[in-house]
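As a basis for the values below, the full set of heavy atoms in this structure was taken, side chains included, without hydrogen atoms, waters or symmetry mates.
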Amino acid sequence: MSDGRIAVEEVTGVEAPPKARVEAEPRQRDYLTGFLDQPAADQPAGEPGGALYDGVIEALKEIYDPEIPVNIYDLGLIYGVEINDAHAIVTMTLTTPHCPVAESMPGEVELRVGAVPGVGSAEVNLIWDPPWDPQKMSDEAKLELGML
């Protein structure tokens, strides 16, 4: 039995813990074997990731809002791009219905998209619902405008 006193034991050395097992060869990540070796699936030209679709997106990124130094794609004004048999349909909005370029911007978008190699015709649908708000901007646009 203990009489309530604290016993002190002097230690002169501690045995080292066992070392972790280290294999001579690096471990293979077998769950990725074969997956990374596969060729990328061909994307149809008019689908996201396809050459024609990417060309239309690049053309949209060259159009800038005259009041805000950010392209209309990163600004979040483009709601959708569809390409069917070389016919491009762009659904977009403007920052406000009273935007000073409300009459000219859709025409410029139609001209630029129609000039992309492989696009036979372009159509722009200007919509107001849902309305544009700053949350639709890409992080790059927010950073450019000092909002991040």
Side-chain angles (χ1 to χ4, degrees), residues 6 9 11-148:
I6 298 175
E9 180 181 344
V11 178
T12 57
V14 177
E15 192 176 308
K19 292 188 175 186
R21 187 180 83 220
V22 178
E23 297 175 14
E25 295 181 26
R27 188 171 160 207
Q28 296 292 332
R29 294 183 173 232
D30 55 346
Y31 60 91
L32 290 177
T33 303
F35 177 75
L36 295 176
D37 297 331
Q38 296 182 72
D42 290 335
Q43 293 290 335
E47 296 293 322
L52 187 56
Y53 184 89
D54 289 347
V56 169
I57 299 300
E58 288 304 313
L60 292 170
K61 287 183 176 183
E62 293 175 0
I63 304 170
Y64 283 78
D65 186 292
E67 297 174 325
I68 306 170
V70 176
N71 69 65
I72 64 171
Y73 188 82
D74 288 332
L75 199 54
L77 298 178
I78 305 300
Y79 286 172
V81 174
E82 294 178 40
I83 301 173
N84 299 317
D85 298 326
H87 178 70
I89 303 169
V90 177
T91 304
M92 67 175 292
T93 192
L94 297 173
T95 53
T96 67
H98 306 293
C99 183
V101 293
E103 291 184 20
S104 62
M105 182 68 74
E108 182 178 356
V109 169
E110 187 175 337
L111 285 172
R112 294 274 185 108
V113 170
V116 172
V119 174
S121 61
E123 176 184 339
V124 175
N125 295 325
L126 187 61
I127 62 171
W128 302 108
D129 190 33
W132 178 85
D133 66 79
Q135 296 303 317
K136 292 182 175 25
M137 294 191 306
S138 69
D139 288 342
E140 292 82 8
K142 290 177 184 176
L143 187 62
E144 178 73 27
L145 297 174
M147 297 173 72
L148 276 183

Please list, one pair per line, the donor and acceptor atoms closer than 3.5 Å that link side chains of residues 64-76 to other protein atoms, with sequence neighbours excluded.
residue : atom : partner : partner atom : Å
D65     : OD1  : E67     : N            : 2.8
D65     : OD1  : I68     : N            : 3.3
N71     : OD1  : Y73     : N            : 3.0
N71     : OD1  : D74     : N            : 2.7
N71     : ND2  : D74     : OD2          : 3.0

Show your reasoning for whether side-chain contact (heavy atoms from CB on, under 4.5 Å) applies to V90 and N125.
-> CA-CA 6 Å; V90 177; N125 295 325; over 6 Å; no
Identified side chain to side chain contact (heavy atoms under 4.5 Å, CB included) partner of L126 from the options L77, V109, L94 | L94
Of all the heavy-atom pairs spanning [X] and [Y], show the shortest one and how long it is.
{"X": "P97", "Y": "A102", "answer": "O-CB, 4.1 Å"}
{"X": "Y79", "Y": "I127", "answer": "CD1-CD1, 3.4 Å"}
{"X": "V101", "Y": "P106", "answer": "O-CD, 4.0 Å"}

Test side chain to side chain contact (heavy atoms under 4.5 Å, CB included) applied to [X] - qualifying residues, sequence neighbours left out:
{"X": "D129", "result": "P131"}
{"X": "E110", "result": "A122, V124"}
{"X": "Q135", "result": "D133, K142"}

Counting N and O atoms only, with roles assigned by atom type, does the side chain of R112 sit under 3.5 Å from a partner on the main chain of E62, one being a donor and the other an acceptor?
-> yes
Report the residues that fulfil side chain to side chain donor-acceptor pair (under 3.5 Å) with E140, sequence neighbours left out, ordered by chain and then residue number.
-> S138
In short, side-chain hydrogen bond (donor to acceptor under 3.5 Å, both in side chains) pairs touching residues 83-100 with sequence neighbours left out are H87-S121, H87-E123
Just how far is it from atom CD1 of I63 to atom CD of E108, taken to the nearest 0.5 Å?
-> 5.0 Å
Would I89 and V81 count as a side-chain contact (heavy atoms from CB on, under 4.5 Å) if you check the C-alpha gap in whole Å, the side-chain angles of each, and the deciding distance to 0.1 Å?
-> CA-CA 6 Å; I89 303 169; V81 174; over 6 Å; no
Passes side-chain contact (heavy atoms from CB on, under 4.5 Å), L60 versus M92? Steps please.
-> CA-CA 11 Å; L60 292 170; M92 67 175 292; over 6 Å; no
